[in-house]
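Reviewing the structure listed below.
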Amino acid sequence: MIRRVPPEALRSRPRLPHLAAALSAVARLLDGFARWGPTGGVGFELATGRPATHAASDLDVLVRAPYRWDQTMATRLAEAFAALPARVDCLLETPQGGVSLVEWSRAGGSVMARTAHGPQLVTDPWDAA
C-alpha cells in the first residue's frame, strides 16, 4: 500500500535526541502561527518508521507561507532556529515557489525560488505576477 503523508501530519518524536529536541522547539515557535512540518530524513523516518537519520542529520522543515513574511520576522525565526540543538533548514512555500528562510531573512534583492520549472531568481516570492 502506498500512502501520501503531508509534512503537517508528521508530529511524532524522532528517535535521535538532538532532532527530537529541535523538532519540539520548532513546534513551540510555529504551532498556531503557520502550517508546517518536517521533511527530509526526519520526515521520511516519521512517515515510514524506518531509520534514516544519523548524528550529523539536520532538521528540514517546510512552512506553508501563502502570505508575505516580512524580513524582520524571518530574521527572528532564523536566529531562533540557529540556537537549536540541530541545524534547521527551513523552506518557505510561497506562491512563487520554495524560498530558504535564511536567504529571505538576509535578502536585499533577489532570492532563489525553487519552482516546478527549476530555480528562478525573484524579488518578491509572494508576487504571483
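FYI, side chains are in, hydrogens and waters are out, and symmetry mates aren't considered; it's all heavy atoms of this structure. For this chain, numbers begin at 1 and follow the sequence in order.
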Tell me which donor-acceptor pairs under 3.5 Å the side chains of residues 27-38 have, and how far apart each pair is, sequence neighbours excluded?
unit_1	atom_1	unit_2	atom_2	d
Arg28	NH1	Ser24	OG	3.0
Asp31	OD1	Arg11	NH1	3.0
Asp31	OD1	Trp36	NE1	2.8
Arg35	NH2	Glu8	OE2	3.3

- Message: Please determine whether side chain to side chain contact (heavy atoms under 4.5 Å, CB included) holds for the pair Leu23 and Leu59, giving the CA-CA distance in whole Å, both sets of side-chain angles, and the decisive distance to 0.1 Å.
- Response: CA-CA 7 Å; Leu23 186 62; Leu59 174 60; 4.2 Å; yes
- Task: Scan for side-chain hydrogen bond (donor to acceptor under 3.5 Å, both in side chains) pairs involving residues 76-91, sequence neighbours excluded, and state none if there are none.
- Result: Asp58-Arg87
- Query: Among all residues two or more places apart in sequence or in another chain, which pass the side-chain contact (heavy atoms from CB on, under 4.5 Å) test with Ser12?
  - Reply: Leu46
- Query: With sequence neighbours left out, what residues match Glu103 under salt bridge (charged side-chain N to carboxylate O under 4.0 Å, His left out)?
  - Reply: none
- Should Gln71 and Trp104 count as side-chain neighbours, where that means a heavy-atom distance under 4.5 Å? yes
- So, do Leu91 and Val61 sit near enough that their side-chain heavy atoms are less than 4.5 Å apart? no
- Message: Starting from Trp126, can I reach Val63 by hopping between I/L/V/M/F/W/Y residues whose side chains sit under 4.5 Å apart?
- Response: yes
- Item | Taking every non-hydrogen atom, the tightest pair across Leu62 and Arg64 | CD2-NH1, 3.4 Å
- Residue pairs passing the side-chain hydrogen bond (donor to acceptor under 3.5 Å, both in side chains) test with at least one member in residues 109-119, sequence neighbours excluded, are none
- Leu84 and Ala22 have their tightest heavy-atom pair at CD1-O, 4.0 Å
- Query: If you take all heavy atoms of Ala113 and Val122, which pair is closest and at what distance?
  - Reply: CB-CG2, 4.0 Å
- State which residues pass side-chain contact (heavy atoms from CB on, under 4.5 Å) with Thr53; sequence neighbours excluded, sorted by chain then number. Arg15, Leu16, Leu19, Val42, Glu45, Ser57
- If every non-hydrogen atom of Pro95 is compared with every non-hydrogen atom of Pro66, which pair is closest and at what distance? CG-O, 3.9 Å
- Counting N and O atoms only, with roles assigned by atom type, does the side chain of Trp69 sit under 3.5 Å from a partner on the main chain of Ala74, one being a donor and the other an acceptor? no
- Approximate separation, where rounding is to 0.5 Å, of Ser100 OG and Leu92 CG: 7.5 Å
- Item | Same apolar cluster (I L V M F W Y, side chains within < 4.5 Å links), Leu10/Phe81 | yes
- Task: Look up atom OG1 in Thr75 and atom CG in Leu101, then write down how far apart they are to the nearest 0.5 Å.
- Result: 8.0 Å
